[in-house]
Protein chains: 2
Amino acid sequence: MAGNLSTPGASVASRVFALLAAFDAEHRALSLTALAERAGLPLATAHRLAGELVGLGGLERRADRYVVGRLVWDLGLLAPVQVELRQVAAPFLHDLYAATHATVHLAERAGAEVLYLDRLSGRATVPVVSRVGGRLPLHTTGVGKVLLAHAPDDVQRAVLADLARVTPYTITQPGRLREQLRRVHREGFAQTVEEMSPGACSVAVPVRHGPDGQVVAALGLVVPDLRRGRARLIAALQVAAAGIGRSLPAEPSSPGGLPLSESSR
Amino acid sequence: MAGNLSTPGASVASRVFALLAAFDAEHRALSLTALAERAGLPLATAHRLAGELVGLGGLERRADRYVVGRLVWDLGLLAPVQVELRQVAAPFLHDLYAATHATVHLAERAGAEVLYLDRLSGRATVPVVSRVGGRLPLHTTGVGKVLLAHAPDDVQRAVLADLARVTPYTITQPGRLREQLRRVHREGFAQTVEEMSPGACSVAVPVRHGPDGQVVAALGLVVPDLRRGRARLIAALQVAAAGIGRSLPAEPSSPGGLPLSESSR
DNA sequence: AGGTGGGTTCCGCTCAGTGGGAGGATCGGG
DNA sequence: CCCGATCCTCCCACTGAGCGGAACCCACCT
């Protein structure tokens, strides 16, 4: 991985991806200048390349802003990001939503963050910051705590060593969080109370799979209040999680692995 | 845009996208040779570029196959492909599903095809070929007929001039289809009976928006049989479509359909 | 007017990209 | 066991695609 993209030695491909990767959830539309800056490319280069990408469908131009193009959307949907899991889980997520009318989350761990694989939300009764494809800290979300509790030691250590504060209720003391993680193991669920966003609480359970009960994902609900009906939510979650785990194909396949369809013309 | 990618004159960017665009719904995983062939690149070039893309996250290597990488998935989710519409529509789609337990579709027109923006399907009772991000012909699907009925003249003409047969029931006579499109306008809904896949019927209604009632999308249901309960399905669809239209923000952030000529794929 | 901050275009130098071809690995059939 | 087929990896000398500083344009300020 070369250093500065504007220095000779950087490949065109890396520059192309630098341009694309300049976009994120907070920057869905960028002016040429912003794009160049965020991509670390000279203005003229960014301009030429961006123009080329627009022609190829990788970017789109909206007035004086660039946005990610349709082709990328198309292609992204082909990426084997837990397709199997998401497919299998979808009906269970619906069931959960129907039963609770809460925001439903399906997530996996990606490094030291939660990666949201799917989300169902009714008309927002609670402010929810998650986004399909979005990442959030492990220690501030219900699904995150579940995943963290079942993560390898080194991940736990790394996360516990740096607990960023998000709200006044965010748990930032390693000791307290570690105790909570132990409880997750003991009780089979995790919860948060306004630790990610004010006014939002969550419960979550692991999705286990295979004979060894490997935790492959987490299933969570976000609600305005946990004081009433928590037991009911957990019960619903556990039923759904069990159903998902049971419905997953036996083969412990590579992460996200799926029918690797036949090749050739 | 140039022809053969392996001839000098093709830009690196175009080669990169040729590699990515070599993947489609039927080819989610490709061997190097297949990849090179489908991208129209010399093997050595494909090898080197693909390797580079793997390093950048644009591709992923699974054993001896390449698949679309996570980065592209991430980025694709940022593409402004009717985000607003999909977001607004989501709860209504759930409602529809809850009410009917049929497969629910939200689609827009992309050139001379239907582009599926969202889909809910319970445990498959009916074989459904659609896929989020997938495209199907306008004349063989319920949502397609709705969108076609409200498409500009030139699109209608182009589509009517070439009605491919998909099943024995596919309508291939321009006259009959034209008559049906008139009925769509008159009656406010479209239907298909095994015209796309055997054993599947569909109904669909337009989603209108704004003071002029512009058709911005179509909402459809797929069921095994329309003889019973069609009226009920249509009623549900119309309520949902009206709700979506009403909930959309005043200014449609992006144009409904793409120009007919554009062929980004 | 002059200034500022965006976007666009130009063009000659040069190094990144190219791809034919050699070589390796793996398989399976004779 | 050899041999051919198939697929992947690597090398390297040639060259034209890509680069980006600089000039320019334009809209909108003061």
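Just so it is clear: chains get the letters A, B, ... in the order the sequence lines come, proteins before strands, and each one is counted from 1.
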For Gln214(A), what residues pass the side-chain contact (heavy atoms from CB on, under 4.5 Å) criterion, not counting sequence neighbours?
Asp212(A), Val216(A)
Pairs under 3.5 angstrom, nitrogen or oxygen only, protein versus nucleotides 22-27 of chain D, please.
none

Measure the distance from CZ on Arg65(B) to C1' on dC8(D) and round it to the nearest whole Å.
13 Å
Students should find that the end-to-end axis angle of the helix from dA1(C)-dT30(D) to dG30(C)-dC1(D), with five pairs defining each axis and rounding to 10 degrees, is 30°
By side-chain contact (heavy atoms from CB on, under 4.5 Å), which residues pair with Ala36(A), not counting sequence neighbours?
Leu43(A), Ala46(A)
Without decimals, in angstroms, what is the distance between Leu49(B) CG and dG17(C) P?
8 Å
Arg48(B) CZ to dC11(D) C1', straight-line distance once rounded to whole Å
12 Å
Nucleotide dT9(D), atom C1' - distance to CG of Leu35(B) in whole Å:
15 Å
Phosphate OP1/OP2 of dA17(D): any Ser11(B) side-chain N/O under 4.0 Å:
no
Among all residues two or more places apart in sequence or in another chain, which pass the side-chain hydrogen bond (donor to acceptor under 3.5 Å, both in side chains) test with Arg157(B)?
none
Quick one: side-chain contact (heavy atoms from CB on, under 4.5 Å) partners of Val159(B), sequence neighbours excluded?
Ala112(B), Leu138(B), Leu148(B), Val155(B), Leu163(B)
Atom-pair distance (CG on Leu41(A); C1' on dC19(D)), nearest Å:
11 Å
Report all interatomic pairs (protein N or O, nucleotide N or O of nucleotides 3-7 of chain C) with separations under 3.5 Å.
residue : atom : partner  : partner atom : Å
dG7(C)  : OP1  : Leu32(A) : N            : 3.3
dG7(C)  : OP2  : Thr33(A) : N            : 2.8
dG7(C)  : OP2  : Thr33(A) : OG1          : 2.2

Can you tell whether the side chains of Glu52(A) and Arg15(A) come within less than 4.0 Å, N to carboxylate O?
no
Hits for ring pair (Phe, Tyr, Trp, His ring centres under 6.0 Å) against His47(B), two or more places apart or cross-chain, chain-then-number order -> none
Taking only residues two or more places apart in sequence or in another chain, which ones pass ring pair (Phe, Tyr, Trp, His ring centres under 6.0 Å) with His139(B)?
none
From C-beta outward on Pro42(B), which listed nucleotide comes closest to its side chain: dG20(D), dG17(C), dG19(C)?
dG19(C)
Expressed as a whole number of angstroms, how long is the span from Leu53(A):CG to dG18(D):P?
12 Å
Would Glu84(B) and Arg86(B) pass as an ion pair if we require N to O under 4.0 Å?
no
Pairwise salt bridge (Lys or Arg N to Asp or Glu O under 4.0 Å) hits with a residue in residues 23-33 of chain A, at least two apart
Asp24(A)-Arg38(A)
Without placing hydrogens or testing angles, list every side-chain donor-acceptor pair under 3.5 Å for residues 126-135 of chain A, not counting sequence neighbours.
residue   : atom : partner   : partner atom : Å
Ser130(A) : OG   : His105(A) : NE2          : 2.5
Arg135(A) : NH2  : Asp74(B)  : OD1          : 3.2
Arg135(A) : NH2  : Asp74(B)  : OD2          : 3.0

Mind checking what makes side-chain contact (heavy atoms from CB on, under 4.5 Å) contact with Ala21(A), not counting sequence neighbours?
none
In whole angstrom, what separates Tyr66(A)'s OH from dT8(C)'s P?
5 Å
